[in-house]
Amino acid sequence: MLKIAIQAKGRLNEQSIELLANAGITVADSKRKLISQADGFPMEVLYLRDDDIPQAVAMGVADLGIVGQNEVAEKEQPVREVMGLGFGECRISLAIPKSDEYPSLEYFNGKRVATSYPVILKRFFNDKGISADIHRIEGSVEIAPSIGMADAIFDIVSSGATLRSNGLVEVEKVFESQAVLIANEHLSEEKLSELARLTFRFKSIIESQDMKYVLMNLPKAQLERAIEILPGMRSPTVLPLAQEGWCSIHAVIAKERLWDTVHQLKSIGAEGILVLALENMIR
Ligand code: PRT
Ligand code: ZN
């Protein structure tokens, strides 16, 4: 049976539980438990702090984990990154007081930089030949410059609101992150085949999140043109309508192309266009 570690509480907890639920795996809420048995899949769930997940997976305390790529990179534990999960997107950036001029990376030579990600930062500065003084601090990194603890910071940025409200500006985006599924490097054959069943479900959920299911009525004479407009999985499904000379078309369209495609279809005479959410796309 697979054991998966997820964040006990925090930003990735809810979406990890939701992803499992969409994959047909119901897990208990983590508030009172450290470990629980899932329903719908042979799996145990371990609730941990995100910082501990890479190590738990590397040691085999858990077979799998859901954690930010930032933690995987920082902790440098030997684990396999299986797939990106499409949530928890953020970046780790260098930010400086907005009153400072920023000529180039050279700015950081000799500066004190506060961060909870010293390993990633050290690697970046080494790569770029910058010699700065890296201060490791946990939590509230963004206030370090204003209280005189540091000249600059290296921290997680999402909307940028936290930086702005602390009088800082983002000057270098260093590391892009999202939640990932990680696995122990020495899983048994049996566990690997359970993992394959799990990733199959995850992939179909993640793919379908970017897609819409579209149906419409169209004069049969325009069918050829509609097929050219529609990207489709293979080709669109075409059904006859009771009304002579008309048909109904069903197709799956990527969200970012949806409106362009709809406008084109309308311009060749499509009517009664319905756009539906797609729950799962199994290839
Ligand atoms: O208790 P535990 O150790 O498990 O949790 P934690 O407090 O260490 O982590 P948590 O729950 O804050 O974040 C978990 C993971 O979510 C991170 O490791 C990232 O992979 C991911 N993530 C995505 C984020 C953000 N977005 C995010 N915005 N983690 C933190 N932030 C914080 C950031 O530190 C900063 O304070 O949000 C602030 C910036 O947000 P904006 O929107 O103002 O730019
Ligand atoms: Zn943490």
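Counting starts at 1 for both ligands and their atoms, in listed order. This structure is a prediction, so every number in the text was calculated from the model and none was measured.
Taking only nitrogen or oxygen atoms, main chain and side chain alike, Asp50 reaches within less than 3.5 Å of ligand 1. Of the N or O atoms in Leu48, none lie within a sub-3.5 Å distance of an N or O in ligand 1.
Ion pair Lys3/Asp63 not flagged as a salt bridge, since none of the NZ, NE, NH1 or NH2 atoms sits closer than 4.0 Å to an Asp/Glu carboxylate oxygen. Salt-bridge formation is detected for the pair Glu138/Arg136: a Lys NZ or Arg NE/NH1/NH2 atom is positioned less than 4.0 Å from an Asp or Glu carboxylate oxygen.
Here is the list of ligand 1 atoms found below 4.0 Å of a heavy atom in Gly160: 41 (P), 42 (O), 44 (O). Close approach of ligand 1 to Lys9 is summarised as follows: ligand atoms under 4.0 Å from at least one heavy atom of the residue are 4 (O).
Heavy atoms of Arg11 found under 4.0 angstrom from ligand 1 belong to the backbone as well as the side chain. The proximity of Cys90 to ligand 1, defined as any non-hydrogen pair under 4.0 Å, is limited to the side chain. Residue contacts with ligand 1 for Leu12 involve side-chain atoms from C-beta outward but no N, CA, C or O (heavy atoms, distance under 4.0 Å).
Proximity of a side-chain donor or acceptor of Glu142 to a complementary backbone N or O of Leu163 within less than 3.5 Å is not detected. In this structure a side-chain-to-backbone donor-acceptor pair under 3.5 Å is present from Gln7 to Leu12.
Closest heavy-atom approach to atom 1 (O) of ligand 1 among the candidates Glu170, Arg49, Glu74: Arg49.
Between the Zn ion (ligand 2) and Glu71 there is no N/O/S contact shorter than 2.8 Å.
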Determine, stepwise, if the pair Asp100 / Tyr107 fulfils side-chain hydrogen bond (donor to acceptor under 3.5 Å, both in side chains). CA-CA 10 Å; Asp100 275 19; Tyr107 170 95; 2.6 Å; yes
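More than 12 non-hydrogen atoms from other residues, nucleotides or ligands lie less than 6.0 angstrom from CE of Met1.
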